[in-house]
Protein chains: 2
Amino acid sequence: MMYIEIDFSSDEAIYQQLCNQIIQGIAMSQLTDGMTLPSVRQMADEIGINMHTVNKAYSILKQEGFVKVDRRKGAVISVKSDKEEALNSVRKDMRSVLAEARCRNLTAEDLHRMVDEIYDAFDAYDKAVESAGSE
Amino acid sequence: MMYIEIDFSSDEAIYQQLCNQIIQGIAMSQLTDGMTLPSVRQMADEIGINMHTVNKAYSILKQEGFVKVDRRKGAVISVKSDKEEALNSVRKDMRSVLAEARCRNLTAEDLHRMVDEIYDAFDAYDKAVESAGSE
DNA sequence: CACCTGTTATATAAATCATATAACAGGTGC
DNA sequence: GCACCTGTTATATGATTTATATAACAGGTG
């Protein structure tokens, strides 16, 4: 079970928003290895979009190594974690973010702090879910 | 003077590539406050694209606070650096990058190291330019 | 007044995004 | 075998975005 919220007035494509929210769900341990995502049709119904839009998102997640797609079970969370690959993939995006950060005079320390805050926020979510397990 | 290289077979929009390269140019001090970018027509000619595509890029850079556009001089580098605004703007993008990083089991330390490496690379470029000033 | 700026308007072709309808391959449970 | 559920593929259509082209306007410079 996972809340997905699509902003239809966003300039970000729907399939892209869907990908991002699922990745964030994995980051927050809301989605863990072995869990299955709703089928493309079910997910499409739930959030009120087309099946093919969901399929596109799932295909990308598969290609990027976040899920494995099994014809009978559907999309199963399975994160590929080759450290070298991961570093290279992340570095590319990080470079763009840091370019802007540096233009705006943020220091490496500012960014270390930001990284820690965001990572802590991910962990905080884990704990909240664990301790509210009975609800 | 600044080399711009557009990958026409990229899935990234041309105006977006142009924005990114200019922002990276500022980050590397290749472009500094007060410098003027080539006029929209001149830049378009140089890299072989349409004037309006350049204009779109410049307009975005203006809106995001990287340049100020003067009708007579053109687009002048002028980076807005309100720290609070900068932190909030960067945080949003950073969150997406870190979500992927965490899924792939990268630690906060891994990312601190990456931040430092990228920042050092920006600085290294500054120095290279300074010491080769006579060429 | 020619010449350079950015800016705006309009039109057009191509690509992307989202949708819709339909069908197929394959596994599950009755 | 037969419904029923998966993902997957094909095809078509409309809306939006991207990139281009041509043209004109406002304003500052020499």
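Lettering follows sequence order; numbering is per chain, from 1. Since the structure is predicted, the reported quantities are computational estimates derived from the model, not experimental observations.
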Exercise. For the side chain of A:Val69, counting heavy atoms from C-beta on, which of D:dT29, C:dT8, D:dG7 is nearest?
Worked result: D:dG7
For this session: Identify which nucleotide among C:dT21, D:dT8, D:dT18 has an atom closest to any side-chain atom of A:His52, counting heavy atoms from C-beta outward.
Result: C:dT21
For this session: Starting at atom NZ of A:Lys73, determine the distance to atom C1' of D:dC4, rounded to an integer number of angstrom.
Result: 19 Å
For this session: Would you indicate, yes or no, if D:dA21 has its OP1 or OP2 atom less than 4.0 angstrom from a side-chain nitrogen or oxygen of B:Asn50?
Result: yes
Seminar exercise, completed: Testing D:dT6, D:dT20, C:dA18 for proximity to the side chain of A:Ala13, the answer is C:dA18
For this session: Send over the distance from A:Glu12 CD to C:dA18 P, rounded to a whole Å.
Result: 10 Å
For this session: Please check the phosphate of C:dC17 (OP1 and OP2 only) for any side-chain N or O of A:Tyr15 closer than 4.0 Å.
Result: yes
Exercise. Would A:Glu117 and B:Arg91 pass as an ion pair if we require N to O under 4.0 Å?
Worked result: yes
For this session: From the options C:dA18, C:dT7, D:dA19, select the nucleotide whose nearest atom is closest to the side chain of A:Ile14.
Result: C:dA18
For this session: Would you mind reading off the distance between A:Ile47 atom CD1 and C:dA18 atom P, rounded to a whole angstrom?
Result: 11 Å
For this session: In whole angstrom, give the distance that lies between atom CE of A:Met51 and atom P of D:dA10.
Result: 13 Å
Problem set entry | Electrostatic pair B:Lys80-B:Glu85, nearest N-O below 4.0 angstrom | yes
Problem set entry | Nucleotide nearest B:Lys62 (side chain, heavy atoms from C-beta), chosen from C:dT19, D:dT8, C:dT7 | C:dT7
Exercise. Do A:Thr107 and A:Asp110 meet the criterion of a side-chain donor-acceptor pair at a distance under 3.5 Å?
Worked result: yes
Exercise. Taking the side chain of B:Asn55 as heavy atoms from C-beta outward, which of C:dT8, D:dA19, D:dT20 is closest to it?
Worked result: C:dT8
Problem set entry | Base partner of D:dC25, which must satisfy Watson-Crick or wobble distances under 3.5 Å | C:dG6
Problem set entry | B:Asp11 CG - D:dA19 C1' separation (whole Å) | 16 Å
Exercise. Would A:Ile22 end up clustered with A:Tyr15 when hydrophobic side chains under 4.5 Å apart are linked, directly or stepwise?
Worked result: no
Exercise. Hey, is the side chain of A:Thr53 poking within less than 4.0 Å of OP1 or OP2 on C:dT19, counting only N and O atoms?
Worked result: yes
Exercise. Taking C-beta and beyond as the side chain, do A:Ile60 and A:Phe66 meet within less than 4.5 Å on heavy atoms?
Worked result: no
Problem set entry | Rounded interatomic separation in angstrom, taking CG from B:Asp7 and C1' from D:dT18 | 16 Å
For this session: Please state whether the phosphate of D:dG7, meaning OP1 or OP2, lies under 4.0 angstrom from any side-chain nitrogen or oxygen of A:Tyr58.
Result: no
Exercise. Which residue lies toward the 5' end of DNA chain D, A:Val40 or B:Phe8, if each is placed at its nearest nucleotide?
Worked result: A:Val40
Exercise. Could you state the CD-C1' distance from A:Gln42 to D:dG7, rounded to the nearest angstrom?
Worked result: 14 Å
Exercise. Would you say the side-chain atoms of A:Gln17 pair up with the backbone N or O of A:Asp7, donor to acceptor, closer than 3.5 Å?
Worked result: yes
For this session: Have a look at B:Lys56 and say if it touches a base, only the backbone sugar-phosphate, or nothing, with a 4.0 Å heavy-atom cut-off.
Result: sugar-phosphate
For this session: Grab the CD-C1' distance between A:Gln63 and D:dG7 for me, whole Å please.
Result: 17 Å
Exercise. Across all strands shown, which nucleotide pairs with C:dC1 by Watson-Crick or G-U wobble geometry, both distances under 3.5 Å?
Worked result: D:dG30
Exercise. Which nucleotide, D:dT8, D:dG28, C:dT7, lies nearest any side-chain atom of A:Arg41?
Worked result: D:dT8
